[in-house]
Amino acid sequence: MATLPDIKALLGEPRFNWSDPAPWIELEEELGITFPADFREIVDAYGSVEINGQLYLNHPAGHLLHSLGESIRGDLELWRDEDMVEYLPSPAGAKPAELMPVASATTGEAVFLRVPDTPSSPWNVVVQEFDSPAWTHYEMTFSDWLLAYLKGRDVTLCSRDRAPDGPFYAFLP
(Lines give C-alpha, C1' and ligand atoms only; values in the text may rest on other atoms or scores of the structure.)
Protein backbone atom coordinates (compact mmCIF):
# COMPACT_ATOMS: atom_id res chain seq x y z
CA MET A 1 0.00 0.00 0.00
CA ALA A 2 1.24 3.48 -0.85
CA THR A 3 2.05 5.63 2.16
CA LEU A 4 1.61 9.30 2.94
CA PRO A 5 5.37 9.87 2.37
CA ASP A 6 4.91 8.39 -1.15
CA ILE A 7 2.09 10.87 -1.82
CA LYS A 8 4.07 13.78 -0.31
CA ALA A 9 7.05 12.98 -2.52
CA LEU A 10 4.95 13.77 -5.60
CA LEU A 11 2.30 16.19 -4.35
CA GLY A 12 4.39 18.21 -1.91
CA GLU A 13 4.11 18.89 1.78
CA PRO A 14 0.59 19.06 3.15
CA ARG A 15 -0.46 22.22 4.95
CA PHE A 16 -3.75 21.16 6.56
CA ASN A 17 -2.51 18.47 8.96
CA TRP A 18 -5.77 17.84 10.83
CA SER A 19 -5.47 15.78 14.02
CA ASP A 20 -8.93 15.85 15.65
CA PRO A 21 -10.78 12.57 14.89
CA ALA A 22 -14.20 14.00 15.89
CA PRO A 23 -15.41 14.91 12.36
CA TRP A 24 -14.50 11.44 11.09
CA ILE A 25 -16.20 9.72 14.01
CA GLU A 26 -19.38 11.76 13.51
CA LEU A 27 -19.49 11.08 9.75
CA GLU A 28 -18.67 7.39 10.14
CA GLU A 29 -21.40 6.95 12.77
CA GLU A 30 -23.89 8.69 10.47
CA LEU A 31 -22.96 6.49 7.49
CA GLY A 32 -22.39 3.26 9.41
CA ILE A 33 -18.87 2.65 8.08
CA THR A 34 -15.27 3.24 9.06
CA PHE A 35 -13.29 4.81 6.23
CA PRO A 36 -9.99 3.14 5.35
CA ALA A 37 -6.99 4.49 7.25
CA ASP A 38 -5.05 5.47 4.13
CA PHE A 39 -7.93 7.62 2.85
CA ARG A 40 -8.34 9.32 6.23
CA GLU A 41 -4.61 9.96 6.55
CA ILE A 42 -4.36 11.61 3.12
CA VAL A 43 -7.47 13.75 3.63
CA ASP A 44 -6.34 14.74 7.15
CA ALA A 45 -2.97 15.80 5.75
CA TYR A 46 -4.20 17.81 2.75
CA GLY A 47 -7.75 18.86 3.71
CA SER A 48 -10.28 19.99 1.11
CA VAL A 49 -8.19 20.42 -2.02
CA GLU A 50 -8.19 20.40 -5.79
CA ILE A 51 -5.35 18.29 -7.17
CA ASN A 52 -3.90 19.12 -10.59
CA GLY A 53 -6.84 21.44 -11.29
CA GLN A 54 -8.92 18.27 -11.70
CA LEU A 55 -9.50 16.01 -8.68
CA TYR A 56 -11.49 17.26 -5.68
CA LEU A 57 -10.93 15.79 -2.21
CA ASN A 58 -12.94 17.03 0.77
CA HIS A 59 -12.33 16.82 4.51
CA PRO A 60 -15.20 16.07 6.96
CA ALA A 61 -14.57 19.06 9.24
CA GLY A 62 -17.92 20.84 9.42
CA HIS A 63 -16.51 24.36 9.42
CA LEU A 64 -15.16 23.95 5.88
CA LEU A 65 -17.12 25.22 2.90
CA HIS A 66 -16.30 21.97 1.06
CA SER A 67 -17.17 19.26 3.58
CA LEU A 68 -16.86 15.54 2.85
CA GLY A 69 -20.07 14.83 4.74
CA GLU A 70 -22.07 17.33 2.68
CA SER A 71 -20.66 16.06 -0.60
CA ILE A 72 -21.31 12.41 0.32
CA ARG A 73 -24.91 13.11 1.35
CA GLY A 74 -25.58 14.94 -1.93
CA ASP A 75 -23.81 12.32 -4.03
CA LEU A 76 -25.61 9.43 -2.34
CA GLU A 77 -28.92 11.10 -3.15
CA LEU A 78 -27.83 11.57 -6.78
CA TRP A 79 -26.52 8.03 -7.28
CA ARG A 80 -29.56 6.43 -5.62
CA ASP A 81 -31.94 8.18 -8.03
CA GLU A 82 -33.67 5.63 -10.26
CA ASP A 83 -32.28 7.35 -13.37
CA MET A 84 -28.68 7.01 -12.12
CA VAL A 85 -28.47 3.51 -10.61
CA GLU A 86 -27.80 1.92 -14.00
CA TYR A 87 -24.51 3.84 -14.26
CA LEU A 88 -22.85 2.00 -11.36
CA PRO A 89 -21.80 -1.64 -10.99
CA SER A 90 -23.47 -1.83 -7.57
CA PRO A 91 -25.64 0.47 -5.43
CA ALA A 92 -24.30 3.59 -3.76
CA GLY A 93 -24.26 3.21 0.00
CA ALA A 94 -22.45 1.87 3.05
CA LYS A 95 -23.31 -1.84 2.96
CA PRO A 96 -20.79 -4.49 1.87
CA ALA A 97 -20.02 -4.28 -1.88
CA GLU A 98 -21.78 -0.89 -2.15
CA LEU A 99 -20.03 2.24 -3.38
CA MET A 100 -19.33 5.26 -1.18
CA PRO A 101 -18.74 8.46 -3.21
CA VAL A 102 -15.63 10.22 -1.88
CA ALA A 103 -14.21 12.43 -4.64
CA SER A 104 -15.08 14.05 -7.94
CA ALA A 105 -13.33 15.59 -10.90
CA THR A 106 -13.77 18.66 -13.05
CA THR A 107 -13.61 16.29 -16.03
CA GLY A 108 -16.83 14.55 -14.97
CA GLU A 109 -15.65 11.48 -13.11
CA ALA A 110 -16.86 10.33 -9.71
CA VAL A 111 -14.53 8.39 -7.40
CA PHE A 112 -15.99 5.80 -5.04
CA LEU A 113 -14.60 3.56 -2.33
CA ARG A 114 -16.08 0.07 -2.63
CA VAL A 115 -17.12 -1.10 0.83
CA PRO A 116 -15.39 -4.45 1.50
CA ASP A 117 -17.41 -7.67 1.50
CA THR A 118 -15.90 -8.60 4.87
CA PRO A 119 -14.16 -6.51 7.55
CA SER A 120 -10.81 -8.12 6.70
CA SER A 121 -11.12 -7.44 2.95
CA PRO A 122 -9.47 -4.36 1.45
CA TRP A 123 -11.33 -1.28 0.22
CA ASN A 124 -11.08 -0.74 -3.54
CA VAL A 125 -11.64 2.21 -5.84
CA VAL A 126 -14.32 2.50 -8.53
CA VAL A 127 -14.29 5.42 -10.95
CA GLN A 128 -17.41 6.29 -12.91
CA GLU A 129 -17.31 8.47 -16.01
CA PHE A 130 -20.28 10.77 -15.52
CA ASP A 131 -20.75 11.50 -19.21
CA SER A 132 -21.20 7.80 -20.04
CA PRO A 133 -22.30 4.57 -18.41
CA ALA A 134 -18.65 3.47 -18.18
CA TRP A 135 -17.01 2.65 -14.85
CA THR A 136 -13.77 0.95 -13.84
CA HIS A 137 -13.07 -1.08 -10.70
CA TYR A 138 -9.47 -0.76 -9.50
CA GLU A 139 -8.40 -3.50 -7.15
CA MET A 140 -6.17 -1.14 -5.23
CA THR A 141 -6.40 0.97 -2.11
CA PHE A 142 -7.22 4.66 -2.32
CA SER A 143 -3.58 5.59 -1.62
CA ASP A 144 -2.35 3.25 -4.39
CA TRP A 145 -4.93 4.68 -6.79
CA LEU A 146 -4.01 8.28 -5.89
CA LEU A 147 -0.31 7.54 -6.25
CA ALA A 148 -0.92 6.03 -9.71
CA TYR A 149 -2.91 9.16 -10.65
CA LEU A 150 -0.14 11.45 -9.40
CA LYS A 151 2.40 9.48 -11.44
CA GLY A 152 0.34 10.16 -14.57
CA ARG A 153 -0.93 6.62 -15.00
CA ASP A 154 -4.36 6.20 -16.56
CA VAL A 155 -6.71 5.38 -13.68
CA THR A 156 -9.71 6.75 -15.59
CA LEU A 157 -8.58 10.20 -14.45
CA CYS A 158 -5.27 11.09 -15.98
CA SER A 159 -3.04 13.94 -14.86
CA ARG A 160 -0.44 13.92 -17.65
CA ASP A 161 -2.03 16.83 -19.53
CA ARG A 162 -3.17 18.57 -16.33
CA ALA A 163 0.16 18.73 -14.52
CA PRO A 164 2.99 18.86 -17.10
CA ASP A 165 5.36 20.28 -14.48
CA GLY A 166 4.38 17.73 -11.84
CA PRO A 167 1.48 17.25 -9.45
CA PHE A 168 0.20 20.21 -7.45
CA TYR A 169 -2.69 21.07 -5.19
CA ALA A 170 -4.63 24.09 -4.02
CA PHE A 171 -7.02 24.54 -1.11
CA LEU A 172 -10.65 24.83 -2.12
CA PRO A 173 -12.02 28.30 -1.45
Side-chain angles (χ1 to χ4, degrees), residues 4 7 11 14-95 97-116 123-138 141-143 145-146 149-150 155-157 159 162 167-173:
L4 185 57
I7 302 296
L11 193 54
R15 297 186 305 253
F16 192 68
N17 299 311
W18 188 269
S19 61
D20 180 5
W24 287 107
I25 293 167
E26 183 179 318
L27 180 59
E28 290 172 342
E29 286 177 354
E30 175 187 339
L31 297 172
I33 61 168
T34 300
F35 286 98
D38 66 320
F39 176 73
R40 283 179 61 155
E41 182 179 35
I42 291 165
V43 173
D44 274 345
Y46 288 95
S48 293
V49 293
E50 180 182 41
I51 299 173
N52 297 336
Q54 179 181 33
L55 177 64
Y56 294 109
L57 294 180
N58 293 324
H59 191 274
H63 72 280
L64 299 173
L65 180 60
H66 299 277
S67 165
L68 180 61
E70 290 298 318
S71 65
I72 285 176
R73 284 186 281 282
D75 288 345
L76 284 173
E77 184 177 330
L78 169 75
W79 291 107
R80 288 174 173 162
D81 183 89
E82 65 182 75
D83 294 333
M84 298 302 291
V85 294
E86 67 186 270
Y87 292 98
L88 295 176
S90 58
K95 296 177 184 162
E98 291 186 338
L99 303 175
M100 182 59 61
V102 295
S104 62
T106 59
T107 47
E109 296 83 1
V111 180
F112 297 84
L113 290 174
R114 183 182 178 278
V115 180
W123 290 75
N124 293 155
V125 174
V126 171
V127 180
Q128 197 283 334
E129 298 180 51
F130 198 70
D131 59 347
S132 75
W135 53 268
T136 306
H137 179 194
Y138 295 94
T141 64
F142 180 80
S143 58
W145 179 86
L146 182 60
Y149 167 76
L150 294 173
V155 285
T156 307
L157 270 70
S159 66
R162 298 256 173 196
F168 63 94
Y169 73 95
F171 288 111
L172 293 174

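Counting begins at 1 with the first residue of the sequence.
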Note to self: Can you tell me how far apart CG (Leu150) and CG (Asn52) are? Round to the nearest 0.5 Å.
What the structure shows: 6.5 Å
Note to self: Between Ser67 and Leu64 (side chain of the first, backbone of the second, donor and acceptor by atom type, cut-off under 3.5 Å), is there such a pair?
What the structure shows: no
Note to self: Could you walk me through whether Val49 and Phe16 satisfy the side chain to side chain contact (heavy atoms under 4.5 Å, CB included) test, starting with their C-alpha distance in whole Å, then the side-chain angles of each, then the deciding distance to 0.1 Å, before giving a yes or no?
What the structure shows: CA-CA 10 Å; Val49 293; Phe16 192 68; over 6 Å; no
Notebook entry, point to check: Tyr56 and His66: aromatic ring centres closer than 6.0 Å?
Noted result: no
Margin query: With rounding to the nearest 0.5 angstrom, report the CG to CG distance, Leu57 to Leu146.
Written below: 6.5 Å
Notebook entry, point to check: Given side chains that start at C-beta, do those of Thr141 and Pro36 come closer than 4.5 Å, heavy atoms only?
Noted result: no
Check: Going from NE2 on His59 to CZ on Arg40, what distance comes out if it is rounded to the nearest 0.5 angstrom?
Finding: 8.5 Å
Check: Any chance the rings of Trp123 and Phe142 have centres within less than 6.0 Å?
Finding: no
Note to self: For a side chain to side chain contact (heavy atoms under 4.5 Å, CB included) check, start with the C-alpha distance between Gln128 and Leu99, then their side-chain angles and the critical distance, and finish with the verdict.
What the structure shows: CA-CA 11 Å; Gln128 197 283 334; Leu99 303 175; over 6 Å; no
Notebook entry, point to check: Nearest heavy-atom pair of Val125 and Val111: which atoms, and what distance?
Noted result: CG1-CG1, 3.9 Å
Check: Between Pro133 and Tyr87, which heavy-atom pair has the shortest distance, and what is it?
Finding: CA-CD2, 3.3 Å
Next item on the list: Check the pair Trp135 / Phe112 against side chain to side chain contact (heavy atoms under 4.5 Å, CB included), numbers first and verdict last.
Entry: CA-CA 10 Å; Trp135 53 268; Phe112 297 84; over 6 Å; no
Check: Got Val43 and Phe35 here, is their nearest side-chain heavy-atom distance under 4.5 Å?
Finding: no
Item checked: Side-chain donor or acceptor of Asp38 paired with backbone N/O of Ser143 under 3.5 Å -> yes
Note to self: For Glu30, I'd like to know if atom CD has over 12 heavy atoms of other residues, nucleotides or ligands within 6.0 Å.
What the structure shows: yes
Margin query: Would you compute the distance between atom CG of Leu78 and atom CZ of Arg73 and round it to the nearest 0.5 angstrom?
Written below: 15.5 Å
Next item on the list: State, yes or no, whether a side-chain contact exists between Thr106 and Glu50 at a heavy-atom distance under 4.5 Å.
Entry: yes
Margin query: Apply side chain to side chain contact (heavy atoms under 4.5 Å, CB included) to residues Leu65 and Leu172 and explain how you reach the verdict.
Written below: CA-CA 8 Å; Leu65 180 60; Leu172 293 174; over 6 Å; no
Margin query: To check you understand the geometry: which heavy-atom pair defines the closest contact between Gly69 and Leu27, and what is its length?
Written below: CA-CD1, 3.7 Å
Notebook entry, point to check: Any sub-3.5 Å donor-acceptor pair from Glu98's side-chain atoms to Ala94's backbone N or O?
Noted result: yes
Check: For Val155 and Tyr138, which heavy atoms make the closest approach, and how far apart are they?
Finding: C-OH, 2.9 Å
Notebook entry, point to check: Is a side-chain donor or acceptor of Ser90 paired with a backbone partner of Ala97 at a separation under 3.5 angstrom?
Noted result: yes
Next item on the list: Supply the atom-to-atom distance Leu76 CG to Asp81 CG, rounded to the nearest 0.5 angstrom.
Entry: 12.5 Å
Check: Taking all atoms of both residues into account, what is the closest heavy-atom pair of Ile51 and Tyr149, and its distance?
Finding: O-OH, 3.6 Å
Notebook entry, point to check: How many angstroms lie between atom CD1 of Ile33 and atom CD of Glu28, to the nearest 0.5 angstrom?
Noted result: 7.0 Å
Next item on the list: Taking all non-hydrogen atoms of both residues into account, name the closest pair between Asp20 and Trp18 and its distance.
Entry: O-NE1, 2.6 Å
